[in-house]
Amino acid sequence: MTAASDKTRVLTGITTTGTPHLGNYVGAIKPAIAASQDPSVQSYYFLADLHALIKSHDPKRVQQSRLEIAATWLALGLDTDNAIFYRQSDIPEIPELTWMLSCVCAKGLMNRAHAYKAAVADNETAGHPDPDKGVTMGLFGYPVLMAADILMFNAQRVPVGRDQIQHIEMARDMAGRFNHLFKGQYFTLPDAVVDERVEVLGGLDGRKMSKSYDNTIPLFVSEKKLLKLVRKIKTNSLEPGEPKDPDSCTLFQIYSAFATQEETAEMRTEYENGIGWGEAKNRVFEYLNAQLSEPRERYQALLEDPAHIEEVLRQGADRARAEAAPFMDQLRQAVGLGRFV
């Protein structure tokens, strides 16, 4: 029994289709980086670039997103000595496992996947005669690839949003089916971890901050651009001096996601005392800018040194494959694809 095997295995993937924003940081990156520094946890963090091909056929966008997301996690303090940080596409055992799992996964299970059902529903609403119009096998089989990501490293805990719980349940189904068919406990059945304390940030228009709504504040925009975006955050028409409700205000929510409890309490008092929106936006900008200035500098330095990022990811892939390659040999043997001698 190795020391690493005594640790709780936690796995998180980051889809490489966009630029990280404040909502990504608060909802996923910040808690994940804290976990990466926990010596009792063996964390696996990967750039889900194979998943990105489902959503994007723009190679420049995928390539740039991979670079930006890797730089973001490193700039914000990901502990790559403890955590294993790698590109999904650098682990050839993952697509091989995807095929093995595809061969034990029922099509009916995939028919119930939320993303596929949503695509079919959109086609039916639009009146298309083909309910599968625009549906690729990548979209349809996405949960199988996600299961392979998880099961390859026998992750015990997978932090997800509520909309992803179904995928963890599907991974458990595939793992159990494989174990049953090939008569062995090859895979650990993973558990979804939904942290209700993790905040979902509002965006510029008050809706959930999302690239889909084009309402995000990228993490590492310039100081000038950050000020411009903060000033665009939607507020109501209450005048200075009139009490304002912090709990219904996106501006206050963003501030409190970064501030200490004491600072948040002070800002709440300012709202009750009728702080003007212009002053509130300036305070939020100044606070965010102070919090992000040092990681922003590290981020820019990393972008200018892609060779360093490449080396970090190569080392992470080596560590990941040190586990994946012998495990895949075991799985090949289990299904009848092992070597003759």
Looking only at heavy atoms, what is the nearest atom pair of [X] and [Y], with distance?
| X | Y | value |
| --- | --- | --- |
| R319 | T80 | NH1-O, 2.9 Å |
| A35 | V41 | O-CB, 4.1 Å |
| P243 | E272 | CB-O, 3.6 Å |
| Q253 | V200 | NE2-O, 2.8 Å |
| A192 | I168 | N-CG2, 3.6 Å |
| N236 | L238 | OD1-N, 3.1 Å |

Report yes or no: do [X] and [Y] belong to one cluster of Ile/Leu/Val/Met/Phe/Trp/Tyr joined by side chain heavy-atom distances under 4.5 Å?
| X | Y | value |
| --- | --- | --- |
| L189 | V193 | no |
| V135 | L145 | yes |
| W99 | V335 | no |
| L303 | W73 | yes |
| V221 | I254 | yes |

Is there side-chain contact between [X] and [Y], with at least one heavy-atom pair below 4.5 Å?
| X | Y | answer |
| --- | --- | --- |
| L97 | F327 | no |
| E263 | Y287 | yes |
| D247 | R268 | yes |
| R296 | N289 | yes |
| D132 | Y116 | yes |
| M170 | M110 | yes |

Between [X] and [Y] (salt bridge meaning N to carboxylate O under 4.0 Å), is one present in this structure?
| X | Y | answer |
| --- | --- | --- |
| E310 | R314 | no |
| K133 | D130 | no |
| R172 | D191 | yes |
| R283 | E266 | no |

| task | Give the C-alpha distance, both sets of side-chain angles, the deciding distance and a yes or no for side-chain contact (heavy atoms from CB on, under 4.5 Å) between L331 and E93. | result | CA-CA 10 Å; L331 296 176; E93 291 81 9; over 6 Å; no

| query | Between R9 and E323, does a salt bridge (Lys or Arg N to Asp or Glu O under 4.0 Å) hold up when you go through it step by step? | reply | CA-CA 13 Å; R9 290 170 165 253; E323 294 185 30; 3.1 Å; yes

| request: Would you sort out whether Y25 and L292 count as a side-chain contact (heavy atoms from CB on, under 4.5 Å), showing the intermediate values? | output: CA-CA 11 Å; Y25 173 70; L292 297 173; 5.8 Å; no

| said: Check for me whether the distance between the ring centres of F85 and Y45 falls short of 6.0 Å. | reply: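 No - the distance between ring centres of F85 and Y45 does not fall below the 6.0 Å cut-off.
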
| query | Is the ring centre of Y271 less than 6.0 Å from the ring centre of F252? | reply |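 Yes - the distance between ring centres of Y271 and F252 falls below the 6.0 Å cut-off.
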
Can a donor-acceptor pair be found between the side chains of [X] and [Y] at a distance below 3.5 Å?
| X | Y | answer |
| --- | --- | --- |
| S89 | D49 | yes |
| N215 | K234 | no |
| Q156 | T188 | no |
| E304 | Q300 | no |
| Q37 | D79 | no |

| So, the side chain of E242 versus the backbone of E239: is there a donor-acceptor pair under 3.5 Å, distance only? |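 Pair found, side chain donor or acceptor close to backbone of E239.
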
| said: Between T15 (side chain only) and T17 (backbone N and O only), is there a donor and an acceptor less than 3.5 Å apart? | reply: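 Absent.
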
| Stepwise side-chain contact (heavy atoms from CB on, under 4.5 Å) test for W277 and C249 | CA-CA 11 Å; W277 289 127; C249 178; 3.8 Å; yes

Spacing of [atom1] belonging to [X] relative to [atom2] belonging to [Y], to within rounding of 0.5 Å:
| X | Y | atom1 | atom2 | value |
| --- | --- | --- | --- | --- |
| L251 | S256 | CG | OG | 10.0 Å |
| M174 | S102 | CE | OG | 8.0 Å |
| I275 | M267 | CD1 | CE | 5.0 Å |
| R66 | Q64 | CZ | CD | 11.0 Å |
| F258 | Q291 | CZ | CD | 7.5 Å |
| L109 | Q166 | CG | CD | 7.5 Å |

| query | L219 and N24: side-chain contact (heavy atoms from CB on, under 4.5 Å), yes or no, with the steps? | reply | CA-CA 9 Å; L219 261 174; N24 297 142; 5.9 Å; no

| With under 30° as parallel and over 60° as perpendicular, where do the rings of Y86 and F46 fit, or are they tilted in between? |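 Plane angle under 30°, so parallel.
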
